[in-house]
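Everything below concerns the one structure shown next.
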Amino acid sequence: NAGVTQTPKFRILKIGQSMTLQCTQDMNHNYMYWYRQDPGMGLKLIYYSVGAGITDKGEVPNGYNVSRSTTEDFPLRLELAAPSQTSVYFCASGYEGGRTSPLHFGNGTRLTVT
Amino acid sequence: ILNVEQSPQSLHVQEGDSTNFTCSFPSSNFYALHWYRWETAKSPEALFVMTLNGDEKKKGRISATLNTKEGYSYLYIKGSQPEDSATYLCAAGHQGGKLIFGQGTELSVKP
């Protein structure tokens, strides 16, 4: 099994550009999450989804959009990239929001906005 | 606002020392507490998932406890080794499936 796959691994964007970070999982998990790594702040929740067709905001949703058309895929869209969005982004998935089992993480996407 | 706090922010110990960290979380609408080990340039690696008040989990030299009534969890490392150096993250799950992470405790173990 591949687990959670994120693409791309690295990306450099100019201010104002847009892009989509891809995330797919093959474990049939119903819950999926997007986090960003802020120095000294751990992981901040951007958006999450409890199943196909259902998404909800996390702690830091501004500047991002998500969709969940299938169980497997949970892409994160950045519109009008800003330097403040320079970060490492992690996608994660799990059963029932981690009630009895941990999240599985992708390898991360390192994004630089200049 | 769900606030998950970890302390200390960083810890420097000698090889062989035992250490512990704290994770505090809002106890209302809580359903699970996770601990992860996170090494630089890698993805977080799961250590424990706990749900019930009084839960205790152990994996080798690492153990954790949970108090859901007062909203805290402790992670203990017995006889720290240099390979234990990493950031330790806790995450609290609240109603609706929102898993919120603390800011992490960065552990450095000197040989």
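Numbered from 1 within each chain, the chains take letters A, B, ... in sequence-line order. The analysis underlying the following values was restricted to heavy atoms, covering all of them including side chains, and did not include hydrogens, waters or symmetry mates.
- For CD of A:Q37, the number of neighbouring non-hydrogen atoms (other residues, nucleotides, ligands) closer than 6.0 Å is greater than 12.
- Note: the hydrophobic cluster containing A:Y95 does not contain B:F30 (ILVMFWY, side chain heavy atoms under 4.5 Å, direct or indirect links).
- A:Y64 and A:M19 end up in the same hydrophobic cluster when Ile, Leu, Val, Met, Phe, Trp and Tyr side chains are linked at under 4.5 Å.
- Contacts between A:T100 and chain B at a heavy-atom distance below 4.5 Å involve the backbone alone (N, CA, C, O).
- Linking ILVMFWY side-chain heavy atoms closer than 4.5 Å, directly or via other members, places A:L78 and A:M32 in a single hydrophobic cluster.
- Closest approach of A:S101 to B:H34, counting heavy atoms only: O-CE1, 3.7 Å.
- Looking at B:W38, only its side chain comes within 4.5 Å of chain A, counting heavy atoms on both sides.
- Nearest approach of A:Y31 to B:G97, heavy atoms of both residues: CE2-CA, 3.5 Å.
- Hydrophobic clustering, with ILVMFWY side chains joined whenever heavy atoms are under 4.5 angstrom apart, keeps B:Y72 apart from B:F21.
- Residue A:N107 qualifies as open at atom CG: its count of foreign heavy atoms under 6.0 Å is 12 or below.
- A 6.0 Å sphere centred on CD of B:Q95 holds no more than 12 heavy atoms belonging to other residues, nucleotides or ligands.
- At a threshold of 4.5 Å between side-chain heavy atoms, the hydrophobic network of Ile, Leu, Val, Met, Phe, Trp and Tyr places A:L21 and A:F105 in two separate groups.
- Residue B:F48 does not touch chain A at all, counting heavy-atom pairs closer than 4.5 Å.
- B:A46 and A:P102 make their closest contact through CB-CB, 3.4 Å (heavy atoms, listed as atom of the first residue, atom of the second, distance).
- In A:R110, the CZ atom is not crowded: 12 or fewer heavy atoms of neighbouring residues, nucleotides or ligands sit closer than 6.0 Å.
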Please report the C-alpha distance between B:Y36 and A:L103 in whole Å, then the side-chain angles of each, then the deciding distance to 0.1 Å, and finally whether the side-chain contact (heavy atoms from CB on, under 4.5 Å) criterion is met.
CA-CA 10 Å; B:Y36 294 85; A:L103 298 187; 3.4 Å; yes

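- Both the backbone and the side chain of A:L43 have a heavy atom closer than 4.5 Å to some heavy atom of chain B.
- Note that the NE2 atom of A:H104 and the CD atom of B:E45 stand 12.0 Å from one another [nearest 0.5 Å].
- Across all non-hydrogen atoms, the minimal contact from A:G98 to B:Y31 is C-CE1, 4.2 Å.
- Separation of atoms CD1 (B:I100) and CG (A:L45) is listed at 5.0 Å; rounding is to 0.5 Å.
- A distance-only check finds no donor-acceptor pair linking the side chain of A:Y35 to the backbone of B:F101 [under 3.5 Å].
- Across all non-hydrogen atoms, the minimal contact from A:Y48 to B:G96 is CE1-O, 3.3 Å.
- Heavy atoms of other residues, nucleotides or ligands lying less than 6.0 angstrom from CD1 of A:I54 number more than 12.
- Contact of B:L89 with chain A is made through the side chain alone, with heavy-atom distances under 4.5 Å.
- One distance of note links CD of B:Q9 with CE of A:M41; it measures 9.0 Å at 0.5 Å rounding.
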